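Report on the following structure.
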Amino acid sequence: MSFVQLCLTTVLAPLFGSIVVGLFGKWLSKSHAHLITIAGVGIALIASGLVFYELFQTEYAPQNFSVYEWAKIGGFSLGVGFLIDSLTVIMMLVVTSVSLMVHIYTIGYMHDDPGYKRFFSYISLFTFSMLMLVMSNNFLQLFFGWEAVGLVSYLLIGFWYTRPSAILANIKAFLVNRVGDFGFLLGIAAIAVSTSSLDYAQVFAAAPSLTESQLTITNSFQVPLLTFICIALFVGAMGKSAQVPLHVWLPDSMEGPTPISALIHAATMVTAGIFMVARMSPLFELSETALLFIMFVGAITAFFMGLVAMVQDDIKKVVAYSTLSQLGYMTVALGVSAYSLAIFHLYTHAFFKALLFLAAGSVIIAMHHEQNIRKMGGLWKRMPITYVTSLIGTLALIGFPAFSGFFSKESIIEAVHLSELPGAHYVYLMVLSGVFITAFYSLRLFILVFHGKPRMSDENYSHVNETPKVVTVPLIVLAICSVFAGYAIEPMIYGDFFAASIRVGEQHGVMTKMAEHFHGVQAMITHGFVATAFYLLLGGVLLAWLCYSLVPSIPKLLAPVLAIPSFILARKYGCDWLYIKGFARLGVGVGKVASALGDRILIDGLMVNGTASMVRGVSMQLRKIQSGYLYQYAFAMIIGLLELLTYFYYQT
Amino acid sequence: MQIETMIIEYILAVPEIVLLLGACLVLLTGPFVSAQSHWTFVLTQAVLLATLYLCARPFTGQAIELFNDFYIDDDLSVLAKSSMSAFMMVVILYSRGFINKYNYPRGEYYSLALFSLLGMMLISSANHLLMIYLGLELLSLSMYALVAMNRDDSVSSEAAIKYFVLGAIASGFLLYGISLIYGLTGTLFLSELSVENEIGLGIIAAVIFIVIGLAFKLGAVPFHMWLPDVYQGAPLPVTLLVASVPKIAGLLLALRLLMDGLQFMHEYWQQSLVVLALLSLAMGNIVAIAQTNLRRMLGYSTIGHVGYILLGLLVGNQDGYSAALFYTLIYALMSSAVFGVLLCAERMNHPLENLVDLQGLGKIYPWLAFLLLLLMFSMAGIPMTVGFYAKLNILQALVTSGWIELAVFAVVASVIGAFYYLRVIKLMYFEESDTQGSQPMPAGHISVLSIHALLVVGLFLFPQMLLEMCKQVIG
């Protein structure tokens with residue numbers, strides 16, 4: 001099979017599964033439905049593996065080819081094409097492997113759901129869309145994938161469409177993403193206008209010549225073109241990757257089924273923004289302002305969202321806020337031009353966060369869809385596999401040395417430390433204290449769920465059992481990945497893996513400096529045990545242990561002291577309040593006025609119905625001409641003749 | 001040499017000869033077979049099939065003049081004659097059930113239809129003004145008789161007498177125009193018409209008389225008065241006939257007269273056509289809204305479509321003529337299908353006489369309603385149906401030759417027109433009715449009708465061939 005066919009297979013196999021199950025599901029049994037979609041994603045995974053192998057053979061030389069030209073407008077070509085390089089292939093592997101695990105897991109999780117087949121169709125469709133997004137070689141296809149994953153995300157958040165909360169959450173996700181997509185579209189439009197191309201290769205080649213260009217917004221107001229493009233594109237990324245202030249939809253998206261939270265809202269779709277910025281590194285490298293903006297947005301998200309996670313009681317919400325915080329870390333890495341580290345963290349995070357979500361799902365199944373961690377406890381005895389895999393996931397998340405999260409997060413912190421961007425030392429403090437916060441909320445969650453005395457009736461506790469194999473096997477596979485994924489750091493970050501796909505400017509030499517300090521994995525782990533971050537981590541772990549296991553009365557004692565911070569955190573800084581009571585209500589108000597005045601009175605009343613009734617009136621009058629009398633008809637003909645004759649008589 | 005030429009001439013005229021003999025044969029057969037016999041129908045269709053077979057030939061790009069140059073055989077006439085024969089076959093097929101049901105004299109309907117077709121074919125191939133007049137009279141007389149076929153029905157007779165009297169006046173105008181032309185130019189051969197000196201009032205008057213004769217046949221405002229009355233009053237199969245095939249003949253009449261004969265007077269007839277087109281577009285579409293009778297509404301809709309055809313004609317170049325030809329063919333297709341639907345419903349004892357009869361048709365006869373929906377979309381010119389291309393072509397021809405205002409007017413008129421087409425759909429699908437659809441659909445009728453109506457979608461998807469043909473036949 002040729003390389004092109006291999007890429008097409010990767011993309012089309014999940015689409016085929018999705019279409020078959022989605023359209024012809026009526027005639028398929030449940031097991032056929034999941035077998036077909038799993039086969040589709042399985043094929044995609046194998047094909048991605050082969051693509052990786054082919055690429056490995058050619059030492060990661062990028063493959064750029066066009067598959068189909070959709071339309072050509074002047075010299076402006078719109079089409080479908082693939083750009084396959086190390087960046088793409090790592091995303092392809094992450095997407096297909098996590099997707100496969102989630103497909104298998106779903107068999108257990110959605111077992112009794114009436115929307116079983118619909119669910120499989122959606123997640124396969126998602127896999128297709130995400131692959132289209134990452135494999136694209138042009139902005140149009142990128143945008144297609146971008147919107148398609150957004151659509152599937154919308155459909156899946158509202159999967160249980162009879163629940164009002166699910167409907168609210170999916171509308172929220174959709175609207176907030178619209179804000180981001182608007183920026184994204186503006187960025188693409190600016191690119192199209194300034195380079196008259198949407199092809200990555202052509203745009204990147206043209207970019208260096210645009211550094212001096214200005215974009216005129218009004219006559220007196222100009223902005224540097226590249227900064228505008230980069231920030232506009234990044235606004236898109238903020239929506240998709242849930243960065244402050246467009247983060248509000250992600251916690252609510254937990255209304256969707258848990259496998260979705262793992263696949264879309266932790267491992268893959270939300271990282272599309274990170275991927276996109278890394279893919280556009282040749283553009284972002286040219287705008288200092290944009291990078292600075294990205295770094296601060298990331299740091300704010302990483303730090304403040306971590307804080308919120310400390311007070312959440314819903315098992316999925318905790319993991320969701322943790323996801324926000326980790327996405328912040330990735331964004332920070334982008335900001336300091338450590339794109340490869342952002343992608344590396346994305347890659348390790350995909351495994352351990354999917355693991356944590358699926359483990360949370362496993363707990364939820366066992367607890368019969370109870371999600372409040374205050375009502376759990378002591379589950380380690382009843383669910384040993386979930387317990388052990390969760391422990392691994394937690395250790396990876398908090399960055400315990402030798403686990404995968406350690407390699408990526410520790411490196412990001414170090415990269416920020418070495419960065420020379422203005423304000424980088426503040427950001428360094430934020431990401432460093434983030435380690436403490438992460439350790440605290442992760443352990444808090446872990447202890448409340450698995451340790452201590454069961455906070456439920458004995459009868460309920462005796463009903464809690466380990467989940468079936470289709471659930472535990474993906475957990476085990478992901479746990480293995482979460483342990484070992486980090487060891488790829490040496491070839492991936494310090495080899496020349498990303499050399500051809502990520503471009504870093506001379507002035508942003510963070511990664512070169514990092515490479516000087518790197519002396520192998522072994523040395524890094526050893527150093528990890530003596531680094532500042534490790535002490536912070538231990539501090540967080542110990543504090544959580546102290547508060548929730550050793551002396552459970554501490555939180556209550558401290559409550560009056562921490563009343564104000566916990567008030568703020570419980571309300572998530574008032575973002576929801578501002579958006580719903582402020583923006584949304586304002587929007588509805590403006591809409592109502594416009595509807596009453598413009599639509600009902602002016603357009604419907606005067607213009608539409610007004611003209612309609614006028615035409616009707618004229619019509620009623622004109623029909624009277626048709627009197628039915630023959631002599632009048634003949635008369636009309638004679639009049640017509642005379643009119644024409646006189647007209648021409650006077651003309652000549 | 002002489003004999004050879006004669007043989008060639010007669011060979012080229014074989015379709016008309018066959019048709020004439022066939023028409024006589026059908027007329028003669030009528031009295032000799034029983035009232036329930038299918039023979040007249042079978043014979044008629046056989047004659048039409050033979051005519052179609054003999055007419056249809058590949059385009060050569062050549063024009064052969066025969067019978068002392070009275071008659072012309074070119075690609076345009078081939079396209080017109082074959083499409084008219086084909087449409088006539090469909091018309092006869094749709095009409096059969098109705099004719100049988102109400103025991104109309106079969107031989108008369110069929111043979112008159114064939115005679116009218118002969119008249120139309122003569123018009124299509126005419127190269128001489130007298131030839132045109134001859135063909136036109138043959139067509140008109142058959143039509144008058146057909147409209148009056150249901151002698152005992154007063155509405156039908158009233159429509160026929162109006163049609164006849166007004167038609168006579170229009171024929172008078174036409175003939176007067178022709179005589180003026182003869183007096184001024186000394187010839188009646190279309191290809192030889194020209195003026196040596198300055199264009200005087202005489203020739204202008206002649207053109208006006210001819211244009212009015214033409215406008216009457218097409219049904220352009222203010223010479224349209226007969227049209228709604230005939231549509232409503234004539235028996236349904238006759239309305240079907242009047243509303244479809246003669247439109248093609250009417251266009252051919254216009255093309256032969258204006259394009260072949262009076263192209264040198266383009267400047268003058270163009271101005272009259274602008275007036276007629278504007279009036280037809282406005283009147284047809286606006287008055288249709290006020291109608292409660294479905295056939296009458298379709299009559300006014302025809303007037304609106306005639307406005308569009310005139311717009312194509314008045315452009316006066318290849319684009320315009322071919323757009324008008326395309327429009328007319330498509331119009332004949334849609335119109336015959338709509339009346340096919342009406343006849344089908346009538347055969348199932350669910351006559352669609354007034355608009356209220358359409359209520360709930362979507363539930364009673366879903367497939368029939370769906371076909372009517374497609375046809376209404378097509379008549380309104382909504383994409384996914386070929387009616388869109390028909391209108392688009394006319395508008396393109398107008399815009400490229402600078403008639404932007406007319407194009408805008410035409411678009412506004414069709415927006416107004418969309419109202420009553422969509423109202424039909426609304427009545428069918430959004431209104432309730434307690435009638436039950438018990439009758440089975442007549443299989444032959446509905447299957448031909450389905451293919452026929454689905455053509456409006458098919459031709460939207462693949463319009464190229466027909467468009468090319470229309471371009472090609474206009475020299």
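Naming: A, B, ... by sequence-line order, numbering from 1 per chain. Note that the structure is a prediction, hence the values are computed from the model and not measured.
The minimum heavy-atom distance linking G640(A) with P222(B) is given by the pair CA-CG, 4.1 Å. Minimum interatomic distance between M637(A) and F223(B) (heavy atoms only, all atoms of both residues): O-CE2, 3.2 Å. Taking each heavy atom of L644(A) and I208(B) in turn, the nearest pair found is O-CD1, 3.8 Å. Between F209(B) and L645(A) the shortest heavy-atom distance is CZ-CD1, 4.4 Å.
Other residues, nucleotides and ligands contribute more than 12 heavy atoms inside 6.0 Å of the NZ atom of K30(A). For F648(A), the CZ atom counts as densely surrounded, since its 6.0 Å shell holds more than 12 non-hydrogen atoms of other residues, nucleotides or ligands. When the shell of 6.0 Å around CZ of F182(A) is examined, it contains 12 or fewer heavy atoms from other residues, nucleotides or ligands. The number of heavy atoms from other shown groups lying within 6.0 Å of NE2 (H32(A)) does not exceed 12. Heavy atoms of other residues, nucleotides or ligands lying less than 6.0 angstrom from CZ of F419(B) number more than 12. Within 6.0 Å of CZ on F635(A) lie no more than 12 heavy atoms contributed by other residues, nucleotides or ligands. By the neighbour-count criterion of 12 heavy atoms within 6.0 Å, atom CZ of F409(B) is densely surrounded, having more than that number from other residues, nucleotides or ligands. Counting non-hydrogen atoms of other residues, nucleotides and ligands closer than 6.0 Å to CD of Q632(A) gives a total above 12.
For the atom pair OH of Y633(A) and CD1 of I169(B), the computed distance is 13.0 Å after rounding to the nearest 0.5 Å. Note that the OH atom of Y647(A) and the OG atom of S272(B) stand 8.5 Å from one another [nearest 0.5 Å]. One finds the CE atom of M283(B) at 9.5 Å from the OG atom of S619(A) (value rounded to the nearest 0.5 Å). Here the straight-line distance linking atom CZ of F164(B) with atom CG of L630(A) works out to 11.5 Å at 0.5 Å rounding. Separating the OH atom in Y631(A) from the NZ atom in K162(B) is a distance of 11.5 Å, to the nearest 0.5 Å. Separation of atoms CD1 (I286(B)) and CE (M614(A)) is listed at 7.5 Å; rounding is to 0.5 Å.
Looking at I289(B), the atoms closer than 4.5 Å to chain A (heavy atoms on both sides) sit in the backbone and in the side chain alike. With a threshold of 4.5 angstrom between heavy atoms, A170(B) approaches chain A through its backbone and through its side chain. Both the backbone and the side chain of L166(B) come within less than 4.5 Å of a heavy atom in chain A. Residue Y268(B) touches chain A through both its backbone and its side chain, counting heavy-atom pairs closer than 4.5 Å. Within the 4.5 angstrom heavy-atom criterion, atoms from both the backbone and the side chain of Y649(A) approach chain B.
Put simply, the side chain of R623(A) never gets that close to the backbone of V287(B): no donor and acceptor are under 3.5 Å apart.
Between chain B and the residues L641(A), L622(A), V615(A), V618(A), the largest count of heavy-atom pairs under 4.5 Å involves L641(A).
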